[in-house]
There are 2 protein chains.
Amino acid sequence: MDRFVSTFTNKIDAKGRVSIPASFRAVLERDGYAGGIAGGLYCYPSLDAQALDAGGERLAKKIDGLLAGLPDYSDERDELSVALYGDVQVLSIDGDGRIVLPENLRAHANLDAAVSFVGLGEKFQMWEPKLFEARRAEARSKVQVTRKLFAAGSRPSSDGGDEGARE
Amino acid sequence: MDRFVSTFTNKIDAKGRVSIPASFRAVLERDGYAGGIAGGLYCYPSLDAQALDAGGERLAKKIDGLLAGLPDYSDERDELSVALYGDVQVLSIDGDGRIVLPENLRAHANLDAAVSFVGLGEKFQMWEPKLFEARRAEARSKVQVTRKLFAAGSRPSSDGGDEGARE
DNA sequence: CGGGCCTTTATGGGATCGCATGGGATTTGA
DNA sequence: TCAAATCCCATGCGATCCCATAAAGGCCCG
């Protein structure tokens, strides 16, 4: 497995520690984790959501790629650089696969008692569980519309067994 | 055989385990199951039905293909990522060909005692048996062609009346 | 054509393993 | 010296593996 998939919700303990889901840790290790598990986890506030984005080396490279695509000394680049790099924290993962979220990150995502880890393929997000439920419901309702477009184009004719299964 | 066909109903045991029909397992293996049977089964709530969609690598690639066509950091991609990756569960298949359905998936499809596995070609669905019966009956009442076949006396083997599982 | 053996499959239960979580001990930095 | 962060160990729960059983279907042989 080489992508972050699924959603897991873990608790924040009295010391502010949270376990990263085991399957996510596996992805991080395979992601070319500089320095093995002792390396770090790239984490920063989501640009457009009340959540945190996180990932390994691959995500870091992707951010570099985005910035590289913009002209030097442009306003956009400056703003993106600040927005992304400026708030990035490299969190260390302890021997039990846990991290401690700094105060400013906790505040941005409104995290206190628990964290929902949401796999998004090349990265994952950390949400306050209730906020994520709302977000998920919203996403699903929007995708309902989009989905029909995809379904019409991508479904092979062999899928004829459909009758009776849906309406 | 390389498509999921027919319908089978299996029980959920005290631990929440369900056997995947043997013929479906065969399809999964032939589907280019990365890492052999130890790989996983991609499963998520149907967007438009009270059921679960599931499939193998082919289905996973399809999801990737959808996302690959969208630009990074676009709204559409975010929505789809959350709706698909976030909701997708990679269920592991044990040595006996069984899976354990997580609570949120069980809830979506209203599964408790048994599951009807419905082949849809490249993927299959998992239904609460009674719900599926209702759906099937509804669909059949709409399909007038079936009546004509009966009247003509040329009862095709494909008629569904007997596809129920063993029990 | 029929009967019996053998394989496959679903299902149940017990045992084991891994993971999330909590608490104490130890180090680090001011 | 004290506070805060890190490391290490304990534990409980859930998930996973392994084996046993039984029923069904297929196959071969009579």
Side-chain angles (χ1 to χ4, degrees), chain A residues 1 4-29 35-41 43 54 89-106 111-119 124 126 129, chain B residues 1 4-30 35-41 43 89-107 111-119 124 126 129 157 162-167:
Chain A
M1 180 127 41
F4 299 102
V5 178
S6 282
T7 298
F8 306 89
T9 298
N10 290 337
K11 294 180 190 170
I12 299 178
D13 70 13
K15 298 180 183 178
R17 298 174 299 184
V18 201
S19 286
I20 297 177
S23 70
F24 284 19
R25 292 203 299 261
V27 177
L28 286 173
E29 287 170 14
I37 256 216
L41 174 77
C43 184
Q89 308 250 354
V90 181
L91 305 181
S92 60
I93 302 176
D94 70 17
D96 299 331
R98 288 184 281 195
I99 55 174
V100 177
L101 293 167
E103 181 50 36
N104 61 326
L105 292 181
R106 297 239 312 242
L111 299 171
D112 55 347
V115 180
S116 288
F117 294 81
V118 182
F124 64 89
M126 300 162 75
Chain B
M1 175 131 44
F4 300 102
V5 291
S6 204
T7 297
F8 307 88
T9 298
N10 289 338
K11 295 180 190 170
I12 298 178
D13 70 13
K15 297 181 181 177
R17 297 175 301 184
V18 201
S19 285
I20 297 176
S23 71
F24 284 19
R25 290 203 300 262
V27 177
L28 285 173
E29 287 170 13
R30 219 164 283 195
I37 255 214
L41 174 78
C43 184
Q89 308 259 354
V90 182
L91 305 182
S92 59
I93 303 176
D94 69 18
D96 300 330
R98 287 183 283 194
I99 55 173
V100 178
L101 293 169
E103 179 52 36
N104 61 325
L105 292 182
R106 297 237 313 243
L111 299 171
D112 55 348
V115 180
S116 288
F117 293 81
V118 182
F124 63 89
M126 300 163 75
S157 61
D162 49 16
E163 305 161 3
R166 47 156 77 216
E167 68 180 314

statement: In 5'-to-3' order, the base (B), backbone-only (S) or no-contact (-) status of each nucleotide in nucleotides 13-19 of chain D, using a 4.0 angstrom heavy-atom cut-off, is ---BBBB
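Partners of B:Asp13 according to the side chain to side chain donor-acceptor pair (under 3.5 Å) rule, which considers only residues two or more places apart in sequence or in another chain, are B:Arg17.
Between the CD1 atom of A:Ile12 and the P atom of C:dT21 there is a distance of 10 Å, given to the nearest Å. As a whole-Å value, the separation of A:Glu29 CD from C:dC19 C1' is 14 Å. Remark: P of C:dC19 and CG of A:Asn10 are 12 Å apart, rounded to the nearest angstrom. Look at CG on B:Asp13: it is 15 Å from C1' on C:dT9, rounded to the nearest Å. C:dA20 atom P lies 8 Å from atom CZ of A:Phe8, rounded to whole Å. Between the CD1 atom of A:Ile99 and the P atom of C:dT21 there is a distance of 12 Å, rounded to whole Å.
For the pair A:Val18 and A:Phe117, the minimum side-chain heavy-atom distance is below 4.5 Å.
Checking side-chain atoms of A:Asn10 against main-chain N and O of A:Ser19 turns up a donor-acceptor pair under 3.5 Å.
Across all strands shown, A:Ile20 has heavy atoms under 4.0 Å from sugar-phosphate atoms exclusively, and none from any base.
Between B:Met126 and B:Ile99, the shortest heavy-atom distance links the atoms CE-CD1, 3.8 Å.
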